[in-house]
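Model, not experiment: these values are computed from the prediction. Numbering of residues begins at 1 and proceeds along the displayed sequence.
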Amino acid sequence: MNRKLRMGMIGGGKDAFIGAIHRIAANMDGLIELKAGALSVNPETALESGKMLFLDPARTYTDYKTMLEKEAALPEDEKLDFITIVTPNFAHFEPAMMALDKGFNVVIEKPITFNLDEAKQLKAKVEQTGLTLLLTHTYTGYPLVKQARRMVAEGVIGKVRKVWVEYPQGWLSRPTEKDSAGAAWRTDPKRSGKSGCFGDIGTHAANLAEYISGLKIEKLCADLHIMVEGRGLDDDGAVLLRFDNGAAGVLMASQVAAGEENALKIRIYGEKGGLEWAQQEPNTLLVKWLDKPAEIYRAGGNYGAYQSSYAIHNTRTPGGHPEGYLEAFGNLYRNFAQTLQAKLDGKTPAAESLDFPGVDDGIRGMAFIDNVVRSSQSTEKWTTFDI
């Protein structure tokens with residue numbers, strides 16, 4: 001291709017945290033440019049946000065339906081290549097379905113939809129259209145997460161026996177929803193869905209556990225809690241897991257772990273050794289052995305002798321220069337963009353470029369929420385992971 005990919009955005013106007021993150025990530029490699037937006041349900045905010053981002057006023061819209069209709073009618077040399085959807089959970093499905101119907105590829109925030117049935121319908125639409133969907137499970141974009149995944153897949157630590165994953169936050173330790181729009185919709189069943197904490201960050205932990213281990217959750221036993229009085233959805237919980245190879249797991253997620261920031265951490269143990277990675281120290285992967293000293297893998301530097309092509313492909317800076325959340329987000333967008341570019345050029349995308357979360361991950365995320373809530377409410381506790 002001899003041009004940038006053209007992006008439209010639904011949601012993510014001024015003061016919206018995740019919209020700005022998406023724009024930074026999309027801009028990181030110079031492959032994408034924001035050309036149009038329906039940036040807020042509030043018309044004044046939508047127009048003002050478009051001005052702040054220097055969008056063409058003719059391509060700044062006050063509702064997404066008008067945007068998708070008008071953008072789809074443009075000539076091919078002006079038409080958008082994809083739509084990014086950064087609205088709250090309840091407003092994912094209809095824009096995504098309409099975007100696909102109009103011929104646009106889609107990037108969408110997680111969880112993918114409001115419920116499992118919508119996620120299945122969205123998958124059917126993706127398959128029908130042959131278009132590409134990126135689901136932004138950010139943590140899969142870190143170089144050493146990809147390294148850990150390859151090491152497990154290649155049998156370096158042997159058959160996986162145990163998975164521990166935890167995601168403690170503390171930002172909802174008080175009834176913050178009274179003052180924060182982001183907290184308000186995440187704790188509102190009408191906008192967030194049937195789970196709060198486990199829909200928001202528990203899905204990240206479950207996705208990371210399956211992504212690195214290469215395994216699928218088969219059964220679970222969940223215990224969800226509402227710790228802040230009067231809150232409408234869970235803000236804390238833990239789940240026992242059984243994977244499809246017989247491995248056991250423990251998943252903990254909490255948004256009332258006072259003092260914690262985003263302390264996502266995963267440990268995976270096989271017959272011969274274990275791996276440990278923490279999101280707040282993302283350039284380090286600990287490799288632990290049964291019968292020899294532990295090793296420390298670091299991102300960047302002249303480490304090609306032991307790092308996989310997937311880790312190298314997603315490493316941006318020399319060793320010692322920290323790569324974090326924004327770069328991991330950028331890796332998702334770059335891999336997605338490279339995949340679209342290859343398809344538009346009639347070529348097969350590289351395997352490393354195709355390594356990003358999609359609609360199947362979204363379905364498993366929605367099924368995880370359903371099964372966790374069902375198990376927590378059940379007296380029998382152990383629940384088969386149904387999709």
Checklist entry - Salt bridge between Arg3 and Asp81, side-chain N to carboxylate O under 4.0 Å? => result yes
Checklist entry - Salt-bridged, Asp291 to Lys272, with N to O below 4.0 Å? => result no
Next on the checklist: Treating Asp345 as the side-chain partner and Lys347 as the backbone partner, does any N or O pair qualify as donor plus acceptor under 3.5 Å?
Outcome noted: no
Item to check | Carboxylate-amine/guanidinium contact Lys110 Asp361, below 4.0 Å | outcome: no
Next on the checklist: Check the orientation of Tyr325 and Phe329. Use parallel for under 30°, tilted for 30 to 60°, and perpendicular for over 60°.
Outcome noted: perpendicular
Next on the checklist: One thing to verify: whether Glu33 and Arg6 come together as a salt bridge, which I'm taking to mean a side-chain N less than 4.0 angstrom from a carboxylate O.
Outcome noted: no
Item to check | Check: Tyr211 ring centre within less than 6.0 Å of His137 ring centre | outcome: no
Checklist entry - So, do Trp164 and Tyr269 have ring centers that fall under 6.0 Å from each other? => result yes
Checklist entry - Is a donor on one side and an acceptor on the other found under 3.5 Å between the side chain of Lys146 and the backbone of Thr140? => result yes
Checklist entry - Under 6.0 Å between the ring centres of Phe114 and Phe93? => result no
Item to check | From Thr176, Asp234, Asp200, residue fulfilling side chain to side chain donor-acceptor pair (under 3.5 Å) relative to Gln255 | outcome: Asp200
Next on the checklist: Taking side chain to side chain donor-acceptor pair (under 3.5 Å) as the criterion, tell me which of Gln279, Gln280, His204, Gln169 meets it with Asn262.
Outcome noted: Gln169
Checklist entry - Is the backbone of Asn371 close enough, under 3.5 Å, to the side chain of Ser375 for a donor and an acceptor to pair up by distance? => result no
Next on the checklist: Using a strict threshold of under 4.0 Å (side-chain N to carboxylate O), is an ion pair present between Asp188 and Arg191?
Outcome noted: yes
Next on the checklist: Donor-acceptor check, side chain of Asn314 to backbone of Tyr310, threshold 3.5 angstrom: yes or no?
Outcome noted: yes
Checklist entry - Should we count CD of Gln128 as having more than 12 external heavy atoms under 6.0 Å? => result yes
Item to check | Expected output: side-chain Lys288 to main-chain Glu276 donor-acceptor under 3.5 Å | outcome: no
Checklist entry - Looking at Phe104, is Lys79 sitting on its ring face, NZ or CZ under 6.0 Å from the six-membered ring centre and within 45 degrees of the normal? => result yes
Next on the checklist: Once you measure the plane-to-plane angle for Tyr139 and Tyr142, does it fall in the parallel (<30°), tilted (30-60°) or perpendicular (>60°) bin?
Outcome noted: parallel
Checklist entry - Would a distance-only check, ignoring hydrogens and angles, find a side-chain to backbone donor-acceptor pair under 3.5 Å from Asp223 to Ala238? => result no
Checklist entry - Step by step, would you call Leu31 with Leu5 a side-chain contact (heavy atoms from CB on, under 4.5 Å)? => result CA-CA 6 Å; Leu31 302 176; Leu5 294 171; 5.5 Å; no
Checklist entry - Does Asn105 reach the main-chain N or O of Phe82 with its side chain, forming a donor-acceptor pair under 3.5 Å? => result no
Next on the checklist: Between Asn335 and His313, is the side-chain hydrogen bond (donor to acceptor under 3.5 Å, both in side chains) condition met? List the steps.
Outcome noted: CA-CA 9 Å; Asn335 292 347; His313 176 75; 2.9 Å; yes
